[in-house]
2 protein chains.
Amino acid sequence: MPRPLIDLLWRDRPGATAGGSRGPRARYSTGDVVSRAIALADEGGLAAVTVRALAQSLELTAMSVYTHVNSRDDLLVLMADHAHGQMTTTPFGRSTWRTRVRRLAEDNLALLRDHPWLLGIDDPRTALGPGTIAKYDHELHAFDGTSISDIRRDAALTFVLDFVRSTAARTVMTPATGDFGELWEQSVDRLAGYLGDDFALAQRVGRAAGEAMGGPHDAERAWQFGLTRVIAGLGDLDSR
Amino acid sequence: MPRPLIDLLWRDRPGATAGGSRGPRARYSTGDVVSRAIALADEGGLAAVTVRALAQSLELTAMSVYTHVNSRDDLLVLMADHAHGQMTTTPFGRSTWRTRVRRLAEDNLALLRDHPWLLGIDDPRTALGPGTIAKYDHELHAFDGTSISDIRRDAALTFVLDFVRSTAARTVMTPATGDFGELWEQSVDRLAGYLGDDFALAQRVGRAAGEAMGGPHDAERAWQFGLTRVIAGLGDLDSR
DNA sequence: GTAAACCCTGTACAACGTACAGTACCGTCT
DNA sequence: AGACGGTACTGTACGTTGTACAGGGTTTAC
C-alpha cells in the first residue's frame with residue numbers, strides 16, 4: 001500500500017518520508033501518475049479520469065494504479081494540488097491591494113480555464129498540499145500593507161476566490177456541460193406556451209440576459225461586473 | 001416513455017400537456033416520485049438517491065422508475081425545481097433594496113441548509129422549471145425601485161446567489177463531507193513537520209482562521225462578513 | 001541465504017444507470 | 001363487441017465504475 005496522502009502530497013519536498021527501498025523499482029513515480037491523470041482530465045474532463053483509463057494510459061493494469069495512489073479520491077487531491085503548484089502567478093510588485101486582488105482573480109480564472117476539472121474537485125484535504133498552501137500564502141500577501149486582521153484577511157481571500165470559482169463554473173465549458181444554447185432554442189417554444197404572461201419581470205430580464213449571453217463579450221462583461229463589485233465590496237481596507 | 005422533461009416540470013400548471021389516458025392507472029404521480037426522491041436526499045444526500053433505492057422506497061422495481069422519469073439526471077432537475085417552488089420566501093414589503101437582498105440571501109441560505117443536496121445539482125435545465133422561474137422572478141423584484149438595467153439586474157442577482165451558494169457549500173455539512181476537524185487534528189502533526197518555517201503568513205493566518213473555525217459563531221461571522229461585502233459591492237444602485 | 005518489503009497482475013464483486021423484451025391493463029376506435 | 005395501441009410495470013441483462021483479495025516476481029536488508 002502506498003504512503004498516506006499527506007506524505008504523497010509532500011513527496012518532493014525535502015524531509016519527505018521516502019518510500020521503502022526494497023522491492024523492484026517502480027516504473028513510474030507518483031508525479032508521473034499524477035501528470036498522466038491531469039493530461040487525461042485536461043482532454044476529457046474528470047469523467048475521463050477513471051482508474052482503468054489511467055492504467056491503460058500508463059500501460060499498467062487497473063489495480064497497479066493502486067500501487068501509487070490509495071484511491072481515486074486521493075488521486076484527485078494530488079491532481080488539484082499539483083495544478084495549484086504549477087499555477088502561474090503574476091507577481092504583485094508594488095501595486096495597491098486593489099490591483100493585486102484583480103491580478104489574483106485573473107490568475108485564478110486562467111487556472112480554472114486551463115483546468116476546468118478543478119471545478120469538480122471539492123475535497124478539503126487539498127488544503128493540506130504544498131502547492132495549495134504555497135498558493136494560499138502568495139495570495140494572502142495581496143493584502144499586505146493594509147491593516148486587515150488575520151481572520152478577515154482569510155475571509156477576504158475566500159470571498160474573492162469563491163467569486164472566481166462561481167463565475168468560472170458558469171463561463172467555462174466543461175466537456176460534461178452541453179451547449180446551453182442548443183437546449184434553449186430547443187425548448188423555448190414550449191416554455192413560452194407555458195409561461196404566457198406570468199412572471200413578466202423574469203421574462204423581460206431573462207430575455208435581456210439571454211440575448212446578451214449570445215453576444216460576443218458577455219462572459220467578459222459579467223466577469224468585470226462581478227470583479228468590480230467584489231473589490232468595491234472589500235471597501236477601504238487601508239483604513240480599518 | 002414518459003413525457004419530455006419540460007412537460008414534466010410544468011405538469012401541475014394549467015395548460016400542461018397531459019399524459020395519454022390509456023393504460024392502467026399509475027400507482028404514483030410524478031409528484032409522488034419526486035417527493036420520495038427528495039425525502040431520500042434530505043436523509044442521505046444525493047448519493048442516496050439511486051434509481052434502485054428510490055424504486056424500493058416506492059415498492060417498485062428499478063426499471064419502473066423510468067415510467068415516471070426519463071433518467072436520473074432529469075429526476076434531479078425535477079427535485080431541484082420542486083425545492084425551489086416550495087421555498088419559503090420572506091416578503092419584501094416596503095424595505096430598501098439592501099435589506100431585500102439581505103432577506104433574499106438569508107432565504108437562500110436556509111433553503112440550502114434544508115436541502116444540502118441542491119449544492120450537488122448543477123444542471124442548467126433547472127432554469128426551465130416553474131419553481132425556479134418563480135423564484136427568479138421574485139428575487140429580481142428585490143431591485144425594484146432602483147434604476148438598474150435589466151442585464152445588470154440579472155448579473156447582480158447572480159452575484160448574490162453565487163455568494164450564498166459558495167458560503168453554503170463551505171458551511172453546510174453534507175453527509176458526504178466528513179468532519180473537517182477530525183481530518184485536521186489527525187494530520188496537523190505531520191503537516192507541521194513538513195511546513196517548518198516556510199509560508200509564515202499562511203501558517204499564521206491559517207492558524208487564526210482555523211481556531212476561529214472551531215469557535216461558536218464563526219460560520220455566522222463569515223456569512224455576515226461576506227454578505228456585508230456583497231451588499232457594499234453593489235454600491236448605490238439607486239443613483240445609476 | 002533467508003526474510004521482508006515492494007511492484008505488479010488476474011480475478012472477482014458490488015453498485016451503478018439503463019437498454020430491451022415481455023406482460024397485464026385500459027381507454028378508444030371500428 | 002372486438003381489435004388496436006398506448007401505458008404501467010416486471011425481469012433479465014449489459015457495460016462501467018471503484019476496489020478488495022490473493023498471489024508472483026524482484027529487489028534490498030539482515
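This is a predicted model, so every value here is computed, not measured. Naming: A, B, ... by sequence-line order, numbering from 1 per chain.
- The nearest whole Å value for the distance from the CG atom in Leu54(A) to the P atom in dT19(D) is 12 Å.
- In this structure, the CD atom of Gln56(A) is 17 Å from the C1' atom of dC8(C), given to the nearest Å.
- In this structure, Arg22(B) places its CZ atom 13 Å from C1' of dC25(C), rounding to the nearest Å.
- Between dT28(D) and Ser21(A), no contact under 4.0 Å exists linking OP1 or OP2 to a side-chain N or O.
- The CZ atom of Arg25(B) sits 19 Å away from the P atom of dA24(C) (whole-angstrom rounding).
- Checking dC8(C), dT10(D), dT28(D) against every side-chain atom of Met63(B), the shortest atom distance belongs to dT10(D).
- At the heavy-atom level, Arg27(A) lies under 4.0 Å from the strands shown only through sugar-phosphate atoms.
- Note on Asp162(B) versus Arg165(A): no salt bridge recorded, every NZ/NE/NH1/NH2 to OD/OE distance being 4.0 Å or above.
- A sub-4.0 Å separation between OP1 or OP2 of dC8(C) and a side-chain N or O of His68(A) is present.
- Computed from coordinates, the Arg3(B) CZ to dG6(D) P distance equals 16 Å when rounded to whole Å.
- Following rounding to the nearest Å, Leu46(A) (CG) and dG18(D) (C1') show an atom-to-atom distance of 15 Å.
- Distances shown here put every side-chain N or O of Thr67(A) at or beyond 4.0 Å from the OP1 or OP2 atom of dC7(C).
- Nearer to the 5' terminus of DNA chain D, by closest-nucleotide assignment, is the contact made by Pro24(B) (compared with the other of Pro24(B) and Ser64(B)).
- Nucleotide dC16(C) holds its P atom 12 Å from the CG atom of Leu40(B), rounded to whole Å.
- If you measure from atom CG of Leu76(B) to atom C1' of dC16(C), you get 14 Å, rounded to the nearest angstrom.
- Candidate nucleotides dT18(C), dT19(D), dT9(C) were compared by shortest atom distance to the side chain of Leu60(A), and dT9(C) ranks first.
- Using a 4.0 Å heavy-atom distance criterion, Thr50(B) is classed as a sugar-phosphate-only contact.
- In this model, a donor atom of one side chain and an acceptor atom of the other lie less than 3.5 Å apart for Glu139(A) and Asn108(A).
- With hydrogens and angles left out, the side-chain atoms of Thr30(B) and His68(B) include no donor and acceptor closer than 3.5 Å.
- Using modelled atom types, one finds a donor on one side chain and an acceptor on the other under 3.5 Å when comparing Thr132(A) with Asp81(A).
- In this structure, a donor-acceptor pair under 3.5 Å is present between the side chains of Asp107(B) and Thr90(B).
- Which of dT17(D), dT26(D), dT18(C) sits closest to the side chain of Arg52(A) comes down to dT17(D).
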